[in-house]
Amino acid sequence: MDLLQKLLTGILMFVCLVGCRTISPGTVWTDDNGNVINAHGGGILFHDGEYYWFGEHKTEGPSGNLAQVGVHCYSSRNLTDWQDRGIVLPVAPEGSGSPIEKGCIIERPKVIFNEKYGHFVMWFHLEPKGRGYSGALSGVAVADSVTGPYRFVEAVRPDKGYWPVNVQECHYGPDRTDGMAFDGGSLPAHPDSLNILGRDFSSGQMARDMTLFVDDDGTAWHIYSSEENSTLHISELSDDYLSHTGRYVRLFPGRFMEAPAMFKRDGKYYLMMSGCTGWAPNAARSAVAESILGPWQELGNPCVGADSNTTFRSQSTYILKLPGKDRYVYMGDRWNPENPVDGRYIWLPVEFEDGVFRIRWQDRWRL
Ligand code: GAL
């Protein structure tokens, strides 16, 4: 290439990157007011031609991972220019005794639209104030308009009094945890030999990191880390999406998976998850199934290249299918526990190769 050609190519690339809608993972992203976008552990709902991004509003300093403000929403027509739609689920005032009182933990909020009832339903991982992560509850809120305000309905442990579709003989036996304390990242023995499922049968199953998925027939599913984080559960939601039906499946017992994200392509269901290492990133996992209730087959780490063993220093939160297109976007969080408000967003294209999906790092990419 002579100098002139190189120059022209350079100018063309520059014009395209500046003028086209590009995504630069890990850089500071701002909204229409020039403020830094504050929607961590989020998910996206596409509704009436617009994308709505819901996420945790973090604050500065070590207490910034506690819910001091609530769930933040932004909207966009192109996934790159975001308008601030404000706090759509505010925390309740301090001292109110509400389960969503200021200082509680609200994580990974996801919103879905219920066609039948015409309402918007938000589920999130909820930990009551001052109890660390021991609550392992799911919160649910509802609104008539996509940007809220969302009305808090209740906090639950799912599937109280129901056995999963793949219950085993051992689960009907006694609780063998014997008052043990768990750290959320490992167990002294397999969850089935401890019978954590059976222990929680009558009080409801633990539910921490979570996502939601609406299938083509309108059935909605709540996917969450359960049984001291050792096992993933996929639970069916009721037709108004406000409760669980009691139909659920246990996946990957003892594999300690969290940060689940689900999507469907060509009739197959895919899951992406992380391991359980708190705010520190780890290698992602993936899985595929012909039916949402399984059997599920693990596929390994979908990330490829440098930093793939830490999911490019991020943790999955959502995989967005672009409406009407065979295109999917990985959404992850690069957490910053010292200053949570400065956590960054890692969005990357999802590619497909021989029945598996792959994610590669890109400094800048176009939608
Ligand atoms: C992560 C989880 C986050 C948050 C964090 C707390 O593993 O994905 O949502 O719960 O642990 O340490």
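Both ligands and their constituent atoms are indexed starting at 1 by order of listing.
For Y330 and S314, the side-chain atoms include at least one donor-acceptor pair closer than 3.5 Å. Checked by atom type, the side-chain pair S225/R208 shows no donor-acceptor distance below 3.5 Å.
At under 3.5 Å, a nitrogen or oxygen of Q315, whether backbone or side chain, sits near a nitrogen or oxygen of ligand 1. On a distance-only criterion, H125 and ligand 1 share no N/O pair closer than 3.5 Å.
A salt bridge between R344 and D342 is present, with a side-chain N of the basic residue lying under 4.0 Å from a carboxylate O of the acidic one. We find that K264 and D215 are joined by a salt bridge, their nearest charged nitrogen and carboxylate oxygen being less than 4.0 Å apart.
When non-hydrogen atoms are compared, ligand 1 lies under 4.0 Å from the side chain of R108 (C-beta onward) but not from its backbone.
For ligand 1, the atoms closer than 4.0 angstrom to any heavy atom of G278 are 1 (C), 7 (O), 11 (O), 12 (O). Listed by number with element, the atoms of ligand 1 under 4.0 angstrom from any heavy atom of D209 are 2 (C), 3 (C), 8 (O), 9 (O), 10 (O). The distance from ligand 1 to the heavy atoms of Y133 drops below 4.0 Å at these ligand atoms: 4 (C), 6 (C), 10 (O). Annotation for ligand 1: atoms under 4.0 Å from non-hydrogen atoms of E107 are 3 (C), 4 (C), 9 (O), 10 (O).
Nearest to atom 7 (O) of ligand 1 among the protein's heavy atoms is E258 OE2, 2.2 Å.
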* Asked: Does the side chain to side chain donor-acceptor pair (under 3.5 Å) test come out yes or no for H72 and Y74, once each step is laid out?
  -> CA-CA 7 Å; H72 210 134; Y74 296 83; 3.2 Å; yes
Run the side chain to side chain donor-acceptor pair (under 3.5 Å) test on W365 and D363 for me, step by step, so that the C-alpha distance in whole Å, both residues' side-chain angles and the decisive distance to 0.1 Å come before the verdict.
CA-CA 7 Å; W365 59 284; D363 289 336; over 6 Å; no
